[in-house]
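To start, the structure under review is shown below, and the notes come after it.
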Amino acid sequence: MDPMFGMTRPPVGFGPGSQPEADEEGLAYLPMPSGMRTYDHHLPEIADPARAAAARALLERVRMALAGWTEGEEIRIPVDRLDAPALSLIDEALGEGEVAVRVERAADRLEIQEATLAGVWRVRSYEAGDDAPRETVLVGAFPRVALTRAFPPAPPAAETPARLPDGLMNGLPILTELLDRSAGWTRGDAVHAVNFSLLPHTPEDLAFVEARLGVGATTILSRGYGNCRVTATATPNVWWVRYYNSVDTLILNTVEVTLVPAVVCAAAEDIADSAERLAEILDAIGGDAP
């Protein structure tokens with residue numbers, strides 16, 4: 001009862017207009033990412049432990065590199081001299097993780113795959129004239145070779161065109177901001193990001209900025225919670241970072257000015273965890289490294 005008017009109020013959430021009509025569709029929500037990838041504890045099957053000695057020796061070097069890793073360090077471990085059975089065992093032990101990288105420049109190509117152990121990277125280098133790729137295992141936050149080859153030696157010209165495309169709204173000031181940040185960037189600077197998902201812009205703005213920034217050599221796919229695709233532009237230290245949900249709908253579109261976007265890098269605590277996980281794998285393999 002209302003103490004002032006002596007009337008009974010209807011319960012909250014009831015009454016005309018509070019419930020959907022029978023033929024009324026519900027709210028259409030954008031599908032969010034699903035199917036999160038998690039670490040799968042996998043131990044290789046060893047039919048003949050004696051033949052696994054070379055593989056175990058290399059994995060022990062990787063474990064020691066992970067355990068002693070410090071911020072900013074990168075440790076290279078060649079695997080070219082291992083035979084096919086040893087390489088097969090290493091493939092099984094390391095597996096494939098979330099991040100894959102492809103670097104294409106002229107006739108050369110790099111294919112880089114993170115292991116299921118964060119901070120461990122398999123690098124295959126394909127060069128013109130080689131019969132087979134050269135392979136290396138790297139331990140670090142992100143392979144430097146994918147950064148040193150990401151941007152062309154000569155960035156695109158920064159001059160403003162005599163006639164701007166029709167339909168521009170914010171394209172020119174956004175481009176000017178990004179070029180200015182790129183030109184003044186130094187190692188250690190904080191990330192500078194432009195979020196096209198929140199910033200008012202037209203399709204012509206997006207096309208204009210993309211065309212002027214150009215296309216670099218490095219493409220990265222991170223398959224964590226949904227997909228994140230990171231591509232280098234032709235402008236130094238400028239990256240497109242696009243997030244997609246599980247049905248491949250773009251949900252976040254940003255440009256970052258940085259050494260490399262943090263989303264594709266292994267964190268220090270994850271690298272420390274990888275050292276412990278690899279120790280468990282080595283225990284399962286058994287035997288002593290030569």
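One is the number of the first residue; the rest follow in order along the sequence. Quick caveat: nothing in here was measured; it's all calculated off a predicted structure. FYI, side chains are in, hydrogens and waters are out, and symmetry mates aren't considered; it's all heavy atoms of this structure.
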Any link between [X] and [Y] through a network of hydrophobic side chains (Ile, Leu, Val, Met, Phe, Trp, Tyr) touching at under 4.5 Å?
| X | Y | value |
| --- | --- | --- |
| V255 | M169 | no |
| V62 | M64 | no |
| V101 | V215 | no |

With the threshold set at 4.0 Å, does a side-chain nitrogen-carboxylate oxygen contact exist between R277 and E280?
->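 No, R277 and E280 are not salt-bridged.
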N-O pairing of R109 and E111 below 4.0 Å |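 Salt bridge flag = yes for E111 with R109.
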Do [X] and [Y] come close enough that some side-chain heavy atom pair is under 4.5 Å?
| X | Y | value |
| --- | --- | --- |
| R124 | L110 | no |
| D108 | Y126 | no |
| V137 | R122 | yes |
| N253 | L206 | yes |
| L172 | T176 | yes |
| N227 | L221 | yes |
| E74 | L138 | yes |
| W121 | T136 | no |

So, does [X] use its side chain to make a donor-acceptor pair with the main chain of [Y] at under 3.5 Å?
| X | Y | answer |
| --- | --- | --- |
| D180 | E177 | no |
| S222 | C228 | no |
| H201 | F196 | yes |
| W239 | V230 | no |
| E73 | T70 | yes |
| S88 | A84 | no |
| T231 | T219 | no |
| R223 | G97 | yes |
| S274 | A118 | yes |
| S182 | V238 | no |

Side chain to side chain contact (heavy atoms under 4.5 Å, CB included) assessment of L175 paired with L213 | CA-CA 8 Å; L175 177 65; L213 291 179; 4.0 Å; yes
Pairwise distance [atom1]([X]) to [atom2]([Y]) - rounded to 0.5 angstrom:
| X | Y | atom1 | atom2 | value |
| --- | --- | --- | --- | --- |
| L82 | E135 | CG | CD | 9.0 Å |
| F142 | I112 | CZ | CD1 | 6.5 Å |
| L59 | I77 | CG | CD1 | 9.0 Å |
| L66 | R61 | CG | CZ | 12.5 Å |
| L164 | E204 | CG | CD | 12.5 Å |
| D80 | R134 | CG | CZ | 8.0 Å |

Should V191 and V257 be marked as a side chain to side chain contact (heavy atoms under 4.5 Å, CB included) after you check the CA-CA gap, both sets of side-chain angles, and the distance that decides it?
-> CA-CA 6 Å; V191 177; V257 183; over 6 Å; no
Side-chain H-bond candidate by donor/acceptor type, D205 with T202, under 3.5 Å =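 Side chains of D205 and T202: pair found under 3.5 Å.
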Let me see the working for V194 and T254 under side chain to side chain contact (heavy atoms under 4.5 Å, CB included), right down to the final yes or no.
-> CA-CA 6 Å; V194 172; T254 65; over 6 Å; no
Locate the shortest heavy-atom distance separating [X] from [Y]; write the atom from each residue and the value.
| X | Y | result |
| --- | --- | --- |
| A275 | R63 | O-CG, 3.7 Å |
| A65 | V139 | CB-CG2, 3.9 Å |
| G140 | A266 | O-CB, 4.3 Å |
| G184 | D189 | O-OD2, 3.8 Å |
| A217 | A232 | N-CB, 4.5 Å |
| A150 | A146 | CB-O, 3.3 Å |

Heavy-atom neighbours of R76 CZ exceed 12 at 6.0 Å |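 Counting neighbours around CZ of R76, 12 or fewer heavy atoms of other residues, nucleotides or ligands fall under 6.0 Å, so no.
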Test T218 against L147 for side chain to side chain contact (heavy atoms under 4.5 Å, CB included), laying out the working first.
-> CA-CA 8 Å; T218 296; L147 305 181; over 6 Å; no
Does NZ or CZ of R181 lie under 6.0 Å from the centre of the six-membered ring of W185, at an angle within 45° of the ring axis?
->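 R181 over W185 ring: no.
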